[in-house]
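Labels below follow one simple rule: chain letters A, B, ... track the order of the sequence lines, proteins then strands, and each chain is numbered from 1. Being a predicted model, the structure only gives us computed values, none of them experimental.
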There are 2 protein chains.
Amino acid sequence: MDLNRKQMSIIQYKSYDRLLVAVDCIIFGFDGTELKALMIKRGFDPEMGKWSLMGGFVNQMESVDDAASRVLNQLTGLSSIYMEQLHCFGDVKRDPGGRVVSVAYFALIKIDDYNEALMQEHNAKWFPLKKIPAMVFDHKQMMRLAQERLQQKVAQHPIGFALLPDKFTLQQLQGLYEAIYERQMDKRNFTRKILAFNILNKLNEKEKESSKKGAFYYVFDKKKYERMDKEGLKFL
Amino acid sequence: MDLNRKQMSIIQYKSYDRLLVAVDCIIFGFDGTELKALMIKRGFDPEMGKWSLMGGFVNQMESVDDAASRVLNQLTGLSSIYMEQLHCFGDVKRDPGGRVVSVAYFALIKIDDYNEALMQEHNAKWFPLKKIPAMVFDHKQMMRLAQERLQQKVAQHPIGFALLPDKFTLQQLQGLYEAIYERQMDKRNFTRKILAFNILNKLNEKEKESSKKGAFYYVFDKKKYERMDKEGLKFL
DNA sequence: TTAAATAAGTGTATTTTATACCTTTATTTA
DNA sequence: TAAATAAAGGTATAAAATACACTTATTTAA
């Protein structure tokens, strides 16, 4: 029998086990005060009706990353969102419904920026990180790991902006960092440090809802950041 | 028809695609001067005869972590080795032999501490990180990511000791850090800093091969470390 | 036995970075 | 126009990182 190399290798691989591969998304949002994560009420067995991360199975013809983007989109309607792979969870019995290897991702979205209908359809709800309910399988472990990684990541790279509106005040930005790190910071030190990176542009426009004086808006300048990122920076 | 919940969910999952799931191991070693990684000459198609990471498929009844340990053991004969999950690589076409999702791990071993027969059987060879050959699939990308992660990790946790003999001199330790970070360090500053962590015990014994005076051996004291790790430390 | 050679071992001064801390300013509203 | 509100901004101190060079222990060869 005459086989070319590709056929050979398909035959070669044929005897190995094939597994279900899933993705689960930890979706973070910031409401100005608290860091929150988006959960859904699981709509199918096993564990129907319990709180769960949004997830789905990886198809034969899509990459794992694409599957994660698809799942995020199915819940929020959003695309082109900051998303990063967290960890692959591969215990044999992690899902009582069968052998499922799950690759967890975390995403950062602007908390008001989603498709209401899709969210309702999935019974989605934001939970403050301090008040995460019981969750199915190993999803709570995923949550914990995601929170740790967010803390690490945000200290090295300016990804926090993905959680804020396009224009934001320095106090809103500080509030975000305080929420992520779960500790208070000094306003003057924070301002000095963040402005020193020179990756924010000050607008000639004030946010006046929360104060009479009004606080200037800033925007994140991605180009400035990329220029300095090449030289290697630690963020905060 | 009467189905219990478990049967329900197996049926539920049945319609989804199953994929081959592999693990690949980046195995680091340190020869006193250079950081090296262990590669094998791939013994089967596709890409037979090319340099590759040691890998294998995950079986139905083993966790992904266990598969990685098994694969490491198959090549080196070692078990109970420092090993950490790196990243899941999930592109559709990453392996020309079929749809394979691969979870990469990196391991730190003592470079002389392996089973010679197994190594020969797999045509394994150590390559300095600076001189990594062409590799199959996305293995070079895995290598690069592993090197980055090792740098990050070693700065936060005292895992570097896994690459050194049980007893080592301060200069050997410094050499390791210099190799990992690819830059020279000041001997006095390094010594002061590392001893300040108070996780090393000085032995009453000297290494006398590389100097006439001889340098004292030290050992890593894991208990001391664990005590201080709880209080949270940044390592170097 | 002693001098030369070798790498180990050690301390201080300087710079940079992080932290602690409070008054003035702009604006609105009563 | 005074009172209320939150924004804006600087300095002094402490801690950490860096730069830098001589002395010591030991072996080996003269």
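- Ile109(A) is not listed as a side-chain neighbour of Leu163(A), based on a closest heavy-atom distance of 4.5 Å or more.
- Atoms CE (Met185(B)) and C1' (dA17(D)) sit 13 Å apart, rounded to a whole Å.
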Tabulate atom names and distances for all N/O pairs under 3.5 angstrom spanning the protein and nucleotides 8-15 of chain D.
| residue | atom | partner | partner atom | Å |
| --- | --- | --- | --- | --- |
| dA8(D) | OP1 | Phe216(A) | N | 3.2 |
| dA8(D) | OP2 | Gln171(A) | NE2 | 2.9 |
| dA8(D) | N7 | Lys187(A) | NZ | 3.0 |
| dG10(D) | O6 | Arg192(A) | NH2 | 3.0 |
| dT11(D) | O4 | Arg192(A) | NH2 | 2.9 |

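- Pair assignment for dT12(C) gives dA19(D), based on Watson-Crick or G-U wobble hydrogen-bonding distances that are each under 3.5 Å.
- Here dT18(D) presents its P atom at 13 Å from CD of Gln174(B), a figure rounded to the nearest Å.
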- Task: Applying side chain to side chain contact (heavy atoms under 4.5 Å, CB included), run through Lys41(A) and Lys50(A) and close with a yes or a no.
- Result: CA-CA 5 Å; Lys41(A) 221 170 213 164; Lys50(A) 295 206 181 154; over 6 Å; no
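- Remark: Lys206(A) is positioned above the aromatic ring of Phe216(A), its terminal NZ or CZ atom under 6.0 angstrom from the ring centre and at most 45 degrees off the axis.
- Atom pair Lys208(B):NZ and dA7(C):C1' shows a separation of 12 Å (rounding to whole Å applied).
- For the pair Glu209(B) CD and dT28(D) P, the computed distance is 13 Å after rounding to whole Å.
- Taking atom CD of residue Glu207(B) and atom C1' of nucleotide dG9(C), one finds them 15 Å apart after rounding to whole Å.
- Side chain to side chain, Asp65(B) and Tyr105(B) meet the donor-acceptor criterion of an N or O pair below 3.5 Å.
- Taking the six-membered ring for Trp and thresholds of 30 and 60 degrees, Trp126(B) and Tyr114(B) have ring planes inclined between 30 and 60 degrees apart.
- At whole-Å resolution of the value, OH in Tyr181(A) and C1' in dT19(C) are 17 Å apart.
- dA7(D) atom C1' lies 13 Å from atom CD of Gln172(A), rounded to whole Å.
- Note on ring orientation: taking the six-membered ring where Trp is involved, the planes of Phe106(B) and Tyr82(B) are tilted (angle from 30° to 60°).
- Following rounding to the nearest Å, Lys212(A) (NZ) and dA3(D) (P) show an atom-to-atom distance of 13 Å.
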